[in-house]
Asker: 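The following block contains the structure, expressed as C-alpha cells.
Every heavy atom of this structure was used, including side-chain atoms; hydrogens, water molecules and symmetry mates were not. Start at 1 and go down the list; that is how both ligands and their atoms are numbered.
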Amino acid sequence: MRIHALDAEQALASLNTSAAGIHSSEAARRLAEYGPNHLEEVAHEHLLLRFAQEFTHFFAIILWIGAALAFAAEHFDPGQGMARLGVAIVGVIIINGIFSFWQEYKAERAVAALRQLLPQKVKALRDGEIVEILASELVPGDIVLLEEGDFIAADCRVIDAFGLRVNLSTVTGESLAQARNIEPSAEELPLHAKNIVLAGTSVVSGQGRAVVYATGMRTEFGRIAHLTQTAGETSSPLQREIARLSRIVAGLATGMGVTLFLVGQAIGLPTWENLLFAIGIIVANVPEGLLPTVTLSLAMATQRMARRNALVRHLPAVEALGSTTVICSDKTGTLTQNRMSVHQLWVGGAFLPCADLGMRAHLIDDHRELFVNAALCHNLKEIEEQGRHILHGDPMEIALAEIGRKMAGDLEGFSRLDEIPFDTDRKRMSVLCETPQGRMLYCKGALETVLARCQFIHFDAGLAPLDDAARTRLLAAQDEMAGAGLRVLAFAHRTVSEEGMPEEEQGMVLAGLIGLEDPPRAEVPEAIARCVAAGIRIIMVTGDHPRTALAIARQIGMVRSEQPVVVSGEQLRLMSPTQLQLALDAPEIIFARVAAEQKMRIVEALKNKGEIVAVTGDGVNDAPALKTADIGIAMGIGGTDVAKAAADLILLDDNFASIVAAIEEGRAVFENIRKFLTYILSSNIPELIPYLAFVLFRIPLPLTILQILAVDLGTDMLPALALGAEKPDPAVMTRPPRTRSERLLSWGLIARAYLFLGILEAVAAMGVFFFVLEAGSWHYGDFLDRHQTLYLEATSACLATIVVTQMVNVYLCRHPLHSLLSYGLGGNRYLQIGILAELAVILFILYTPAGNWLFGTAPISGTIWLLATTCAAAMCLLEELRKRWLRQAVQG
Ligand code: ATP
C-alpha cells in the first residue's frame, strides 16, 4: 500500500521502524544497502569536450590561421624557417590550451571544495536520541526532525506536525506554502498528499517529525534532478569585461597585422618576410592567457575569503563584494555575540536584578507562572552529547529556559500539546501545555505585540486590570531596560478550556518582563571603523526594539551623532518608496522592529539610489531580500538552509567582521587583476617595437616570433599569476568603494603599461641589442645572416634584457603608487617562485643546445647580463620617480 494512504503507525511499521527511530547498527546496514542519500551529479560538459573548447575559441582560431599561413609560406617559399614558426605557433596553442584548461579546472575545483565546507546536516532520531547527522547518511526508516527553514533531505511521511507548512516550489513550481498533517491521504500521487514532505523542498514554518521512505535518486527530486541541475556558474561582469577586452585587443592586433602587411607590400618588402612580420604582430599582442588567469585569481580570492570565514557561493560575488557601498546588517548574532544571559527582570511592578533572584524565594513563589512560561515556551531540542543532555536552539531561549527551569523547580505533570510558532511578523510565540492545574497557554514575545493581548497584569499585590496606568509603567520599564541595550521579552499566560488551542492569544495575564544582555562582538567596533574609513555605510536592520537597537549601535560606534534617524517597522509600512529613499539620505539611520519582509523594501530603495548593497539574513523570510541584494549574506551557524541557499556569501562564524574581511579581499582581487594586466601589457611594447624597427629601418630582426612566445607563454606566465595572489594592500580599506562605471582597464593603467614601463623596456632591449651589434663591428645597413653568431648573440641579448626588466617590473607592478621601498620584496612567496621559474626558463633558452636550437639563441656574456641589470635598475629608478611625482600630485 502507498505510504501516504497508511496511518502514521502503519507507515512506521511498513518501514520496519518506530517513532524512536532505528538503531544505529541498522542504519549502517541500510546505508550499505540503499547507498548514500545524495543525487548523482549529472555530468556537466564532458571534460574532453571542455578541453577541446580550449583549442577552438576566438584567440585559438586567430593563432591557427597564423600557423596555417606559416605552413603555406614554407610550402610556397621553402627554406625560410617558416615551418618551424608554424610548429611553434601550434605549440603555443597547445601549451596555452593546456594551461588555460588547468587554470579553469583548478578554479572550478577551488569553488567546489568550498561547498564541501558546509555540508547539509539533519537532526534525526537514532537509538531513541536526537542526533545531528549528515544528510547523505539518511536511510529509509530514519525519523527526521523538521523545523522552520530546514531543507528536507529525503522523501518523508509526516508523523508529527505543529503548524507545519512547506514550500514545494522546487518540485512542483507552486510557491504558496502548503500545510502538512499526519492524516492518511486518499490522493493518487505522493506529490499531492498532505502527509508527505519531499526532498529538495523546505519548511516554511512550524515543526514536525517525519519518517524517511525514499533517499537519493529514488526521491521525487532525484527523478527530476536531471532536468533541474544547471550547468553551474554564470560568468561575472568582470569576466565578461575581460573576455570583451581580450577580443577587442585581439581584433586590434589582427587589424594592425593586416594593415602593416599591406603597407609592407606597398613599400615593396618581400612577401614572406612581410607575412612573418604580420604574424609576429598578431601573436605578440593577442592576450592569450588573460581570461583563465582572471578566473583563477577570482577563485584564489574565494579560498582566501574562506580562510577568513566568508564562504563565497558564486564567483561573481567576489567582485560585487569589492564594490559594496552599503551593508545592511541585522543585530543579533552578527553585531552582537548572541550569547544571551538574563540580566534583569521586571516582576510584580518592580525591577529585580538577575543576581538577586536567589534571595527572593517568596517572590518566585508568587510569580511562578513567569518562570514556568520561560521554562516551557520555546523551541529548543534536548540533544544527548557525550552522555549529557544539552539544550540546542536559539541562545535567547536557552537562557530563558535555563533560568525558568531553575526557578520554577519541578515540572512534573507539565507537557506541551501544541504551539503557535514564532515569526518575525508576529514577534511572539505561544505554547499550549497540560499542567497539574489544567490547560494553560504560555506566550512570550515583544511587549508591543503581547500587551495588546493581555487583560490583566500580575503585580505584587495580585492580579490587577491592565489599565492605562499599568501600561504606562510597563512601557517605561521596557524603555529603561532597552535603553541600557537589553533585549526585552514580555511573558503572559492564561488558562484554556479543554477544547484546545484558542484561535488567538488573548485575554492573557501579563506576568512580567525579562531583559537579556547580548554583548557586542569584540571585533565589531574595529570592523565598523574600517567600513567608515573605506566609505562603506552600515545600516542596522533589526527586529529588536528601537531603543535596544540604538543603545547597541552606540556601543559599537555605528552611531555617533546625537540625533540619528530611527525608523520603526510601523513607520516603514506607511512610507512610500520615494519617502523611504529620501529617509535613506540621512547619514545615520537604523531600522528597528522591522519584519523580515520589510528588509527587501530597504534593499530595493538602496539599489534604486545606485548603491551596491550587501544584506545579512538568517530566516526563511529573509530569502527574498538576500536574493534581491547585490550580495546576500547568510549566517553559517544560525542561518536556515533556505537563507543559505538564497545567499551569495555565507559567514562561517556569523560575524560582521568577516563581511569586512571579505570586502577587503574583494577589493584586493580587483587591484591584483590590474597589477597583472599592467605587467602583461608592459612586455607587449618591447615585443612590438623590434618588429617596427625591423620593418621601418631595415635592421636585423631584434626579437624573433619564437622569442616573443617564450616571453608571453614562458617567462611572463608564473609571475603574472603570482601578482593575482597578492595579499590585500593595507590601504585598500581606506579608499572609497569603486564606482560602477570604473573600468578595469583605465587610461592611466594603459598609459603606465604601454607608454612608460613598456617603452622603458623597449629602449633597454633595443639598446642592448645594438650594443652587442656595435661591439661585433656591425654597421647600419650591413646584412646579417640569421645563423651568424653575432646575430644570435644580439637577439639573445635583446630577449634577456626584456626578461630581466620584466623580473624587476613584476615588483614595480605590486603597487601603482607606492614606492618599492615601502612594500619590499617579500610577502608573496608565489612571486619568488615565479621569478625562479622565469630564471630557469631563460637560462634554458640561452645556455642549452636544445634552447638555442628551438629559439634561435646563443649564450651571452656576463657583461650583457650586467648591462641588462643596469637597464632594469634604471627603469626601477625612473618608475620610483614617476610614482613619487604622482603621489605628490595626488596629495597636492
Ligand atoms: P535581528 O533582526 O537583529 O537578528 P532580532 O533577533 O531581535 O534581531 P527577530 O528575530 O525578528 O529579530 O525578533 C524580533 C523580536 O521578536 C525580538 O526583538 C523579540 O522581542 C521577539 N522574539 C524573538 N525571538 C523570539 C522567540 N523565540 N520567542 C518569542 N519572541 C521572540
Asker: Donor-acceptor check, side chain of T640 to backbone of D150, threshold 3.5 angstrom: yes or no?
Answerer: no
Asker: Note the single closest protein heavy atom to atom 30 (N) of ligand 1, along with its residue, its atom name and the distance in Å.
Answerer: G445 CA, 3.4 Å
Asker: Does ligand 1 have any atom that is closer than 4.0 Å to a heavy atom of M396?
Answerer: yes
Asker: So which heavy atom in the protein is nearest atom 28 (N) of ligand 1, and how far is it from that ligand atom?
Answerer: K444 NZ, 3.1 Å
Asker: Got a donor-acceptor contact below 3.5 angstrom from the D518 side chain to the T336 backbone?
Answerer: no
Asker: Any cation-pi pair here, R494 with F456, using under 6.0 Å and within 45°?
Answerer: no
Asker: Judged by atom type as modelled, is there a donor-acceptor pair below 3.5 Å linking the side chain of D641 to the main-chain atoms of F151?
Answerer: yes
Asker: Do E664 and R308 touch side chain to side chain, with heavy atoms closer than 4.5 Å?
Answerer: yes
Asker: Is the closest N or O pair between R428 and ligand 1 shorter than 3.5 Å?
Answerer: no
Asker: Would E397 count as a polar contact of ligand 1, with the cut-off being nitrogen or oxygen pairs under 3.5 Å?
Answerer: yes
Asker: Identify, by atom number and element, the atoms of ligand 1 in contact range of K331, meaning under 4.0 Å from any of its heavy atoms.
Answerer: 1 (P), 3 (O)
Asker: Out of all atoms in ligand 1, which are within 4.0 Å of some heavy atom of A446? Include the element for each.
Answerer: 20 (O)
Asker: For T542, is at least one N or O under 3.5 Å away from an N or O on ligand 1?
Answerer: yes
Asker: Could you tell me the residue and atom name of the protein heavy atom closest to atom 11 (O) of ligand 1, and the distance to it rounded to 0.1 Å?
Answerer: T424 CG2, 3.2 Å
Asker: I need the T201 OG1 to I152 CD1 distance, nearest 0.5 Å.
Answerer: 3.5 Å
Asker: Pick whichever of F422, F591, F491 has a heavy atom sitting closest to atom 31 (C) of ligand 1.
Answerer: F422
Asker: Which is closest to atom 17 (C) of ligand 1 in terms of heavy atoms, R487, M540, K427?
Answerer: R487
Asker: As a check for students: among L489, L516, N621, identify the option with a heavy atom nearest to atom 19 (C) of ligand 1.
Answerer: L489
Asker: Would you mind telling me if ligand 1 is within reach of the side chain of R593, the backbone, both or neither, using heavy atoms under 4.0 Å?
Answerer: side chain
Asker: May I ask you to identify the nearest protein heavy atom to atom 15 (C) of ligand 1, giving residue, atom name and distance to one decimal place in Å?
Answerer: G543 O, 3.6 Å
Asker: Look up atom CG in L164 and atom CD in E148, then write down how far apart they are to the nearest 0.5 Å.
Answerer: 11.0 Å
Asker: Taking the inter-plane angle between the rings of H458 and H367 on a 0 to 90° scale, is it parallel (under 30°), tilted (30 to 60°) or perpendicular (over 60°)?
Answerer: tilted
Asker: Quick check on contacts: which atoms of ligand 1 are under 4.0 angstrom from a heavy atom of T332?
Answerer: 1 (P), 3 (O), 4 (O), 5 (P), 6 (O), 7 (O), 8 (O)
Asker: Can you find a heavy atom in the side chain of L513 that is under 4.5 Å from one in the side chain of Q344?
Answerer: no
Asker: If I take atom CE from residue M440 and atom SG from residue C443, how far apart are they, to the nearest 0.5 angstrom?
Answerer: 12.0 Å
